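Only one structure is covered here, and it is reproduced in the block below.
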2 protein chains.
Amino acid sequence: MNVTEDRRISRTKEAIRQALVSLIQEKGVDALSVKDITTRANINRGTFYLHYKDKFDLLDQTLNEITHDLEKITWEMNALSSDKLLNTTMLSAASVRLFKYFDANAPLMKVLLSIKGTNSLQNAIKDIMWRNIFEQDKTTHIKKENLLVPEEYLISYIISAHIGVIQEWLEKKFRETPEEMADILINLSFRGPLYAIGLKP
Amino acid sequence: MNVTEDRRISRTKEAIRQALVSLIQEKGVDALSVKDITTRANINRGTFYLHYKDKFDLLDQTLNEITHDLEKITWEMNALSSDKLLNTTMLSAASVRLFKYFDANAPLMKVLLSIKGTNSLQNAIKDIMWRNIFEQDKTTHIKKENLLVPEEYLISYIISAHIGVIQEWLEKKFRETPEEMADILINLSFRGPLYAIGLKP
DNA sequence: AAAAATAATCAACACGATGTCAATTAACTA
DNA sequence: TAGTTAATTGACATCGTGTTGATTATTTTT
C-alpha cells in the first residue's frame, strides 16, 4: 500500500477546499451548490463526485480534518507540559495556540461551529475540552457525587459559553489577538462571569 | 381595514406549520423541500408560494412568530412583578414559564436554536435576556467601566451558556420538568459553574 | 524512457425540485 | 346573495443533481 497521495488528488481536493471557503464567505453554506464549488475550483463537476458523495459529505470530511488538527494541537500542548499540574500558564499557552488556529481558518470555523448534531465540531470540541480539562491526571479532580446539577448540563453550560465567545470573536471584522482572547477566556472561566461583570467582589 | 384573517389563510398556514414541524423531526431541516411540506400539509404546492417566498422565508416567518411569543411571555412576567426588584422567585417563575413554552414547541425550537446569523433565535433571545436581566430598573445595575472583559464577550459567554443548557435539554428523550430546569439554570448562573462542580467552596 | 495505472475531462442522460403563470373552482366575508 | 379572495389545477422553463461510458491527461511504477 502506498502512503503518498496522487498529486492530482491533492491538487483537486485543495482546489475544492479553497473554493468552499471563498464561496462560504460569499453566499453562506445553505445557498451553495456543488456546481458553484466546481466552477470556482476550475474542475469538472464530475470530478467532485469522484471524491465526495455530495455537499454534506464534503463538509463532513472537512470537519473531520479540522477535528484532527485540533486534537493534534492539544496533544502536542499536553506533551509540552512537563509536570502533571494543570496550571494557568499551560492553559494560556494552549488557548493561544488554538485561537491562532481558529484565526487562520476563520471562515471555515464559523460555518463548522454553527452546525449542530452528533457529528459536529461543537461536539468534537466538547470531547477535546472534557478530556483535557476534566479527565486528566492532574490535581483538579471532579467528584461526580459533588455535582449540584446533572453532569451533562454542567458540561453544556461551560462548553457552550466558551464556544459562544469564540464565535463572537470570529464574527468580528477586526479581531483581538489570540493572546488577548486567551486572557479574556481565562478571566471568564476562573473568576466567573459574575465577577467579570463586577457584581461579585 | 379588517383585523381577522381569512379562515382559509389561517387553515393553510396552520397546515404548513404542522407539516413543517413533523417533517423536521423526520428528516431534519436541510433535507426538506417545499414539495415535502405541501404534500404533508395536503395543500397545493402553488398555494405555498402565495404565502412564502421559499423554504427559508417560511423558517424566517416562523422564527418571527416564536420570537414574538417569547417577548410576550417575558413582558407578561415583568408585569406581574409588583416591586421593581430582581428577585430569585420572579426569575424562577419566568424561567419555568419559558421552559414550558420550549417544551411545548420542542421540535421547532431545536431547529430554530441551531440557526446562526443576525436574524436568528439565538440573537432574539440574546436581546430579550439582555433587556430583562441587565437593563432593567432594578437594584442590580451593571457599570460598564467595571467590566473586566469586553462587554460583547461577557454577553456571549452568559447567553451561549444558557442556550447550550436549553439545547441539551431539548435533545433529551425524557426531559426534566420546567421547574427542575429553572432550578438548574439558576444554580449555574448564581452560584457559578465552578461552584456547581464542587471546586469552589 | 516506456508501460501500466489511475485521475480528470467531456458530453449526455434521466430525474426531481423550483418558481411562476393563467384559467378555473371553491370558500369566505359583508 | 353578491362580491371578493383564496386555493386548485396543469403546464412550463429552468436549474442542480448524481451517474455513466468513452476519451484524454497525468502520475507512478518498472
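Computed from a predicted model, the values in this text were never measured in an experiment. Labels below follow one simple rule: chain letters A, B, ... track the order of the sequence lines, proteins then strands, and each chain is numbered from 1.
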Go through the N and O atoms of the side chain of A:Arg45 and the base of D:dG18, and report whether any donor-acceptor pair is under 3.5 Å. yes
What's the closest nucleotide to the side chain of A:Asn44 if the choices are D:dA6, C:dT9, C:dT18? C:dT9
Flag the pair A:Tyr153 / A:Tyr157 as yes when their ring centroid distance falls below 6.0 Å, and as no otherwise. no
Atom pair OG1 (B:Thr38) and CZ (B:Arg45), whose distance is rounded to the nearest 0.5 Å: 7.0 Å
Got more than 12 heavy atoms from elsewhere within 6.0 Å of NE2, A:His51? yes
If you restrict it to nitrogen or oxygen atoms, what contacts under 3.5 Å exist between nucleotides 1-3 of chain D and the protein, and what is each distance?
none

Assess whether a salt bridge exists between A:Glu65 and A:Lys13, defined as any Lys/Arg side-chain N lying under 4.0 Å from an Asp/Glu carboxylate O. no
Take atom CG of A:Asp57 and atom P of D:dG18, then tell me their distance rounded to the nearest Å. 10 Å
Looking at A:Glu26 and A:Arg40, is there a salt bridge between them, counting it only when a charged N and a carboxylate O are closer than 4.0 Å? yes
The side chain of A:Arg11 is closest to which nucleotide in this list: D:dT26, C:dC10, C:dA8? D:dT26
Would you give the length of the straight line joining atom NE2 of A:His68 to atom NZ of A:Lys72, rounded to the nearest 0.5 angstrom? 7.5 Å
When you measure from the side-chain N and O atoms of B:Ser33 to the phosphate of C:dG16, is any distance below 4.0 Å, counting only OP1 and OP2? no
Would you please say whether a donor-acceptor pair under 3.5 Å links the side chains of A:His162 and B:Ser160? no
Compile the donor-acceptor pairs under 3.5 Å between side chains in residues 99-113 of chain A and protein atoms, sequence neighbours left out, one pair per line.
from	atom 1	to	atom 2	distance (Å)
A:Tyr101	OH	A:Asp69	OD2	2.6
A:Asp103	OD1	A:Arg175	NE	2.8
A:Asp103	OD1	A:Arg175	NH2	3.3
A:Asn105	ND2	A:Tyr101	O	2.9

Test log, rule salt bridge (charged side-chain N to carboxylate O under 4.0 Å, His left out), inputs B:Arg7 and B:Glu14: CA-CA 10 Å; B:Arg7 284 179 184 173; B:Glu14 184 51 35; over 6 Å; no
Side-chain donor/acceptor contact of B:Arg8 with base of C:dA27 under 3.5 Å: yes
A:Ile43 CD1 to D:dA25 C1', in whole Å, measures 16 Å
In whole angstroms, the gap separating C1' of C:dA8 from NE2 of A:His51 amounts to 8 Å
Of the nucleotides C:dA17, D:dT8, C:dT6, which has the atom closest to the B:Lys35 side chain? C:dA17
Ignoring hydrogens and angles, does a donor from either the side chain of B:Arg7 or the base of C:dT29 sit under 3.5 Å from an acceptor on the other? no
Estimate the overall bend of the helix from C:dA1-D:dT30 to C:dA30-D:dT1 from the end axes over five pairs each, rounded to 10 degrees. 40°
How many Å lie between CG on A:Leu50 and P on C:dC10, as a whole number? 13 Å
Whole Å only: how far is the CG atom of A:Asp6 from the C1' atom of D:dA25? 12 Å
Are B:Asp36 and B:Lys27 close enough for a salt bridge, meaning some N to O gap below 4.0 Å? yes
Starting at CG of B:Asp36 and ending at P of C:dG16, how long is that distance when rounded to a whole Å? 13 Å
Do the side-chain N or O atoms of B:Thr12 get closer than 4.0 angstrom to the phosphate oxygens (OP1, OP2) of D:dA6? no
Atom-pair distance (OH on B:Tyr52; P on D:dA7), nearest Å: 10 Å
Testing C:dG19, D:dG18, C:dA8 for proximity to the side chain of A:Thr47, the answer is C:dA8
Expressed in angstrom and rounded to an integer, what is the separation of B:Glu5 atom CD from D:dT4 atom C1'? 16 Å
Kindly point out which of D:dA6, D:dT17, D:dT8 is positioned nearest to the side chain of A:Tyr49? D:dT17
